[in-house]
Amino acid sequence: MSQTVDRALSILPLLAEGPADLGQVADRLGVHKSTALRLLRTLHEHGMVYRQSDQRYRLGARLISLAQEAMENLDIREIAHPHLVRLNESCGHTVHLAVYEEDEVLYIDKVESRYPVRMYSRIGKPVAITVAAVAKLLLADLPEHERRALADKLDYPMYTSRSTPNAPAFLRELDKVREQGWATDLGGHEESINCVAAPIRGADGKVVAAMSLSAPNVVVTADELLTLLPLVRRTADEISGEYSGKNPAKDPV
């Protein structure tokens, strides 16, 4: 199995040099054409390679898309992190950064609260997609047909009495978020936790990530947390400007 994987992966650098036919792939791998064909078919099924009309193979769109997605996510975390730290230092509350990947919203960065009461969220863990403020921002930016298709297939667990109950309510919330440009989760996932969030946009204006500020009721009330929304939005705008190349990065103080 390891040899098969090794051979399949060895095809990708070859095709990165340009399209190649079956014979060229077999020669590079040092295998029979039938073996090379099996490997190419598997890669083709997964979108990693594409067979052209002239029967030559090139790298597939899926592979290029995955590489681009990975680069974007790595870049946004690296660019955003200093801003998230500064926001945390200014107010002391938990700060999250999240992205949307294949029908899930995932945390890719977190700066812990300075207060004793901590949140149990973890980097790499999916968020509660029907209630989380970051999820609302990321999904609200999808084209309408994608929003509706996703909303129809989601489950709507009632974490609390304030949770989103069904698809129509979820779509109304996404419309509201899309119009106002920010989102909240006021006890929708946990009764005692409130959250405000703002979008991070790329050069084309599309939302590439979302950041949030969260705190328990025992530290600040929901109304008090909402007063920090302008600071959260300003931080998100600064990250957007740096990510899109519109604003230069600030030197550390």
Side-chain angles (χ1 to χ4, degrees), residues 73 76 93-110 117 119-202 204-237 240:
N73 291 341
I76 191 62
H93 305 310
T94 301
V95 185
H96 287 107
L97 181 69
V99 296
Y100 178 63
E101 292 183 358
E102 298 184 358
D103 294 346
E104 286 189 326
V105 174
L106 306 170
Y107 289 128
I108 61 171
D109 203 1
K110 177 184 181 181
V117 181
M119 296 182 62
Y120 291 106
S121 54
R122 296 196 306 271
I123 294 174
K125 181 180 178 181
V127 311
I129 198 168
T130 59
V131 293
V134 288
K136 294 174 187 178
L137 284 165
L138 290 160
L139 301 183
D141 197 58
L142 295 175
E144 183 177 2
H145 70 280
E146 291 186 31
R147 294 200 306 272
R148 291 188 174 279
L150 180 61
D152 286 342
K153 69 180 181 181
L154 289 174
D155 294 323
Y156 293 86
M158 293 301 293
Y159 302 104
T160 75
S161 60
R162 297 181 181 180
S163 299
T164 308
N166 50 48
F170 189 51
L171 288 169
R172 287 194 298 272
E173 179 70 8
L174 295 186
D175 286 340
K176 175 184 174 183
V177 167
R178 188 180 179 92
E179 181 178 351
Q180 68 189 15
W182 50 274
T184 62
D185 168 15
L186 304 180
H189 188 215
E190 297 179 60
E191 289 278 6
S192 61
I193 302 292
N194 298 306
C195 176
V196 294
I200 297 168
R201 300 180 185 275
D204 59 0
K206 293 182 179 179
V207 177
V208 296
M211 58 162 294
S212 64
L213 192 66
S214 303
N217 285 329
V218 294
V219 176
V220 293
T221 65
D223 287 341
E224 290 170 335
L225 187 66
L226 283 167
T227 65
L228 296 175
L229 178 60
L231 181 59
V232 175
R233 299 185 73 182
R234 185 160 63 248
T235 301
D237 288 345
S240 298

Roughly how far apart are L106 CG and R122 CZ, rounded to 0.5 Å? 12.5 Å
OG of S240 to CE of M211, rounded to nearest 0.5 Å, is 10.0 Å
Only pairs under 3.5 Å count here: list side-chain donor-acceptor contacts from residues 212-223, not counting sequence neighbours, and write none if there are none.
unit_1: N217; atom_1: OD1; unit_2: N194; atom_2: ND2; d: 2.6
unit_1: N217; atom_1: ND2; unit_2: E191; atom_2: O; d: 3.4
unit_1: T221; atom_1: OG1; unit_2: E224; atom_2: N; d: 3.1
unit_1: T221; atom_1: OG1; unit_2: E224; atom_2: OE1; d: 3.4

Are there over 12 heavy-atom neighbours, none belonging to Q180, within less than 6.0 Å of that residue's CD? yes
Any side-chain heavy-atom pair of V99 and V208 under 4.5 Å: no
If we ignore hydrogens and angles and just use 3.5 Å, is the side chain of Y156 paired with the main-chain N or O of S163 as donor and acceptor? no
Residues which pass side-chain contact (heavy atoms from CB on, under 4.5 Å) with A198, listed by chain and number, not counting sequence neighbours: V232, R233, A236
Using 0.5 Å steps for rounding, measure from the CG atom of L186 to the CG atom of L226. 5.5 Å
Give me the atom names and distance for the closest heavy-atom approach of L142 to R178. O-NH1, 3.4 Å
Which residue pairs pass the salt bridge (Lys or Arg N to Asp or Glu O under 4.0 Å) test with at least one member in residues 148-171, sequence neighbours excluded? D103-K153, E144-R148
Please list, chain by chain and in numerical order, all residues satisfying side-chain contact (heavy atoms from CB on, under 4.5 Å) with A169, sequence neighbours excluded. T164, P165, N166, R172
Under 3.5 Å, side-chain donor or acceptor atoms of residues 126-140 against the rest of the protein: list the pairs with distances, not counting sequence neighbours.
unit_1: K136; atom_1: NZ; unit_2: E173; atom_2: OE2; d: 3.4
unit_1: K136; atom_1: NZ; unit_2: T184; atom_2: O; d: 2.8

ring-ring contact (aromatic ring centres under 6.0 Å, His included) contacts touching residues 176-200 (sequence neighbours left out): Y159-H189
As an exercise, state the distance from CD of E179 to CG of L174, rounded to the nearest 0.5 Å. 13.0 Å
Give me the atom names and distance for the closest heavy-atom approach of G187 to T160. O-OG1, 2.6 Å
Atom pair CD/CD1 of E101 and I108 - distance to nearest 0.5 Å: 8.0 Å
Close side-chain approach of D141 to Y100, heavy-atom, < 4.5 Å: no
